Amino acid sequence: MSGLNLINLENVSKFYTMGEVKVSALSDLSLEIDVGKFVVLIGPSGTGKSTLLNLISAIDTPSKGRILIEGVDISFLTRKQRAQFRRHKIGFIFQFFNLLPTLTAVENVEFGLALVGVTNSSGSISYDSKDIHATALEWLEKVGLTHRVNHFPSQMSGGEQQRVAIARALAKDPPIIIADEPTGNLDYRTGVKILKLMKELNKQTQKTFIIATHNGQLAKIADYVISLQMGGVETYDQIPKEDLDNLIW
Amino acid sequence: MNFLSQYWRKKLIGDIKQQKLLFSALFFLCIFGVGSYVSLTMGYTNLYASLDKIYATTNFADVEVNTHSDIWFNISEIESFSENFSEQNPEIGTIDFRLLATSGYNSSIETKDGLRFQLTAGRAVGFNCSLSQTEMINGFIFANGENSIPDLDNNSILLEAHYARMYDLDVNDSLQTRINGNEFNFTIQGIVYNPESLIVIPSRHDFLPNNRFGIIYLPLKTLQEYTNLTGLANNILVKLADDLPDETRSSIISGFYSELNLYANNSFAPPVFQEYQVSNWALNMDLEEIQKISIVLPILILGVASIAIFITLNRQVQSQRRIIGIASSLGYSPNDILLHYTSYSLILGILGSFVGIVLGIIVSGGITWVYAYFMGFPTIISIELQLGVILSAFFFGVTVTFISGLIPAVKANQMSPREALQGNIKVGKGRFSFIEKLFRIRSFRIRFTIPLRNLFRQRSRTIATIIAISASVMILVVSGAFNDSVNTGISRQFTQTSDYHLTVSYDGFKFADLGLIDDIDFIEQLEGVESVDAVLEIPSIIETSSRKEEALIIAWNSSSPQTHNFQWTSKEDQLLPNDSIILTSGLARTLSSSTGSILSYGYPRIPYISYAFWAANVTWNLWYTFGEDRARNETLSYLENLITQNKERLSFSSNAEEVKFSNADITVTGVSEEIWSTVAYTTVQTLTEAMGIDIFKNSHLDIDLSPYSKLILKVKNPDNLTILENIKTEISSLSEIRSITFGYDFRTSVNLTMAAFNVIVAIFLVFACILAGAAIFTTIHINFQERSRESATMLTLGLSDQEFLFIITIENLSQTIMGILGGILPGLLLADWILSNALRLFYFKIIVSPQTWIILWFGVLLIVLISQIPAIIQGVKMDLAEVTKEISH
Ligand SMILES: Nc1ncnc2c1ncn2[C@@H]1O[C@H](COP(=O)(O)OP(=O)(O)O)[C@@H](O)[C@H]1O
Ligand SMILES: [Mg+2]
């Protein structure tokens, strides 16, 4: 396909060597992901979902093949360049929220923003703490947490923490949001609310969401599904049919 | 007994392996704590044992009795008295008689300017050489290992080893000696050690060890002949039966002494027991210092170790709560869990103590050896394993580590499975820091907010780290302040205060109108001499209503000495007023007196004051005998004769007890800031009046019989060695001169005395640095492990390595800065205490130079920066993917 896609994987493989044994986590995977898609990555445990996300987000490097993000090959970036890449291009949402425990909700969002700055009214990048604070507050409002702004993670529920994490990921305006099992540590109802929020934000912001889950049900709400199986990979576009509230897993 | 089930045993090994560095740091602290205790304790115990061995080999006298100076007894008389006494008192072992005479030596020493001759003071000891080496009291240890005394003819001597080492003299070399105004060229037949001069200190009042003080031993008959004292002696050595209880010992001796003085018309000064024999006394003071350090240092190190172990295990229990939970839900008994976690600290304690003991034993040998070498001991030092020390070290080490590991272990033990199984560990909740609240800081800065909050996150750990750093800084400040204060003090004393280049000591006292004034006139016209002061040095006891201190009173011949600048703290002009006293600052402090205080002073129990008494008696008698109208010159020549002929036994009645001067009260008119803590100044007029020996001067004859003991000279150009040597040669031709010392040689002795302390200071410095490093290392390491997940998160979100490093560094630096600030004041207080109290003879005003401050700050900060390196490397190597996804790390 053409290089115009947001994400291009070309024959990507990843091996881990554990002592003598060579474990293959991903083999010869090629795929493309377009801008603005809500991508769900499904498959049983151990099929390489996390590995794939790690490769796309430059936490890890492929053993073979190329990964192009916005047309740039990230396979050979230095450690420093990869940090820069993650900082600007990726928003992370973790299974265990990973908020910084010493920072309040708003400060956690500010942490992400402070790394890249915010675009202020005049259109230039600002690192001014007032601008950053204002943007962080806006984002907390968008995720519905105006009442928890100055709370520390230990004072918030899991769902609330994940909302802060979502705000942190999106506030800095990256093209790609990566979420590995974002509802894995939440109860059903909360999980659904979080997914709803992500879906809404995907529509609003037109950012590409890539969400890994071992729950096949979630594929129903995806624009695009990547199904990793022990044998290989299957991908397909999908028009969401089911209402989020009726998801069962 | 099933000590630990296999699972726990494996896990224990796993825990240790997993945190090799951390375990090593703790291990290291244990080794250091236990090792310092073992090495220092065994070091000083071995030194005590070595002393005992040396004393036993040489038959060190239990008691020594001396006549008052310039009084001699007839050996055959006192011998028969002693035999009688011994018959009635079988506790008396043996008694020896010796003749001690002052002497001087001319020896050359190699300097950077070539060979230099020095006229040094010393003592000649005439001993009974018909006794064999084993029968002799205060016998010899020969430097070359010989064990019998060689035959000594009229020209042969044995030379004390320190002097021989100082001037590089050996058997068959010759030694130019002055005894009683005559020159001899003796041949050295042996280099010997003697128990009374293991540290050479001429007397309790020549307070500095002085390897330039030469002691020669020669046959009693020879010395009697050379001093015109045939059949006479002035020193009695008594060896008592072994193992007498202290009370019997002192009652026997006081019986002996009082009968002796009754028999000998009060000619004897009070007995000097072995404990107060000057070399032994000084050695014991040294060893007591080491003993104190051997307790303080290990406590400090093990204290830090126990804090570190506590932090480590506490954290381990926290992070392993899931394992604990699973284990206890699987049915492992709480005791298993308790045992597991206490085993960790037990292994640490047992291994650490074991290695510490082994290393300590090795180092203790080194300490013993180095000390013995520097002090110039004979080589028969004893190095033994002390089981008691080893056992107590082991007990000490294991107990401390065990107890610090017990609390976390009990915590683990009491954890309910439900609580334990909770996923996330609590690594301290986020909270606004006190500083943010105080200053109402609202804006978020990655670089400052995060480290600041981290500091306040686990306050007890932060405090523990700060305390550990403070402890190290305290030691550093003490070491630095000690070094600076001593150096500044010494350099100020010898450049600003004592403004002299030569001192000339007389054999005894030199009286003003009986030669002293002539000597001064002679010296003043020598080329290059700028000024001459004469002084009278009298050991005395100074008292206030609540305190009492032995001090040397230095009395000057004029009220404005040319060779000494008083460093007033409370007075402007340089005049030494009459009827008043100037205290050196250390003495003022021990006496807690200041300008305006009224003191009383008098004689201590020491022998050589009698000359002055004698002079007083003579002049008093003369005045009566000849009346006021006898011609001055005639009287002077009579006195002169009397003094040259004074070698006969003089009738002398002084009360040997401590006495106050008749004019006992004196006002302090100033405090001079100097390094001596046992010196006071006044004028000769004031002192002689107080002593009651100014009588003759008050008569119409106007003969000044004020006694003097020393001349102090200032030259115009001290750098011109030729002129200096010339002056010395000229002066040495004067009569009754005992020694001539260059100012810088004296300064060298002071420096040498302080050198031993500087070694201790250096050791402390090393300890402190290691302590600071280990403390920082453990906390940083643990903090880091606990926070690995959030660190991984920050890095994943795109924080650069530099920014990450910055955050960690800021946190550690702030702890360090607080630690430094916290350690400075206690350090200064401790240093001040040591400088003003621990050194007895010296008093140094506390000074810390800017360089030291800079080194202290940079040094500690550098240690911290280095200590965080392993943790940072770990952080940077962290598998972000894994760590961000782990439940706990
Ligand atoms: N750091 C690693 N070292 C060794 N093997 C790994 C590592 N990470 C993942 N794997 C292996 O790679 C495979 C894919 O893992 P992962 O991507 O975590 O799967 P998923 O997220 O789909 O459960 C698994 O077999 C796993 O054991
Ligand atoms: Mg996974």
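Chain letters run A, B, ... following the sequence lines, proteins first, then strands; residues in each count from 1. Because the structure is predicted, anything quoted here is derived from the model rather than measured. What's counted below: heavy atoms across the whole structure, side chains too, no hydrogens, waters or symmetry copies.
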Task: Minimal non-hydrogen separation, B:A881 against A:N54, with atom names - done: CB-ND2, 3.2 Å

Task: Top of A:L103, A:D60, A:L99 for chain B proximity - count of heavy-atom pairs under 4.5 angstrom - done: A:L103

TODO: Could you check if a side-chain atom of A:F111 sits within less than 4.5 angstrom of a side-chain atom of B:L799, using non-hydrogen atoms only?
DONE: yes

- [ ] Heavy-atom distances under 4.5 Å only: say whether A:E110 touches chain B with side chain, backbone, both or neither.
- [x] both

TODO: Flag yes if more than 12 heavy atoms outside A:Q81 fall under 6.0 Å of its CD atom; otherwise flag no.
DONE: yes

Task: Max heavy-atom pair count under 4.5 Å with chain B, selected residue of A:D180, A:L53, A:I90, A:L100 - done: A:L100

- [ ] Using non-hydrogen atoms and a 4.5 Å limit, figure out which bit of A:T51 sits close to chain B: side chain, backbone, both or neither.
- [x] neither

- [ ] Let me know if B:I446 has heavy atoms under 4.5 Å from chain A in its side chain, its backbone, both or neither.
- [x] side chain

- [ ] Flag the pair B:T793 / A:F92 as yes when at least one side-chain heavy-atom distance between them is below 4.5 Å, and no otherwise.
- [x] no

Task: Close side-chain approach of B:R445 and A:E107, heavy atoms under 4.5 Å - done: no

TODO: Would you please test A:R87 and B:L797 for side-chain contact (heavy atoms from CB on, under 4.5 Å) and show each step?
DONE: CA-CA 6 Å; A:R87 181 189 282 214; B:L797 295 184; over 6 Å; no

- [ ] May I ask you to test the B:D801-A:R79 pair for a side-chain heavy-atom distance under 4.5 Å?
- [x] yes

TODO: Compare all side-chain heavy atoms of B:S800 with those of A:K80 and state whether any distance is below 4.5 angstrom.
DONE: no

- [ ] Side chain from CB out, backbone as N, CA, C, O: work out which of these in A:R168 comes under 4.5 Å of a heavy atom of chain B, or both, or neither.
- [x] side chain

Open item on the list: Heavy-atom cut-off 4.5 Å, strictly under: side chain, backbone, both or neither for A:I59 against chain B?
Closed with: side chain

TODO: Spell out, as yes or no, whether a donor-acceptor pair under 3.5 Å connects the side chain of B:R453 to the backbone of A:T102.
DONE: yes

Task: Interface residue of largest heavy-atom contact number with chain B, from A:G91, A:P174, A:A83, under 4.5 Å - done: A:A83

TODO: Look at the side chain of A:N98 and the backbone N and O of B:T884, then say whether any donor-acceptor pair between them is shorter than 3.5 Å.
DONE: yes

Open item on the list: Using heavy-atom distances under 4.5 Å, tell me whether A:K130 contacts chain B through its side chain, its backbone, both, or neither.
Closed with: neither

Task: Flag, side chain of A:R86 to backbone of B:T796, donor-acceptor distance under 3.5 Å - done: yes

Open item on the list: Looking at A:F76, I want to see if its CZ is surrounded by more than 12 non-hydrogen atoms of other residues, nucleotides or ligands under 6.0 Å.
Closed with: no

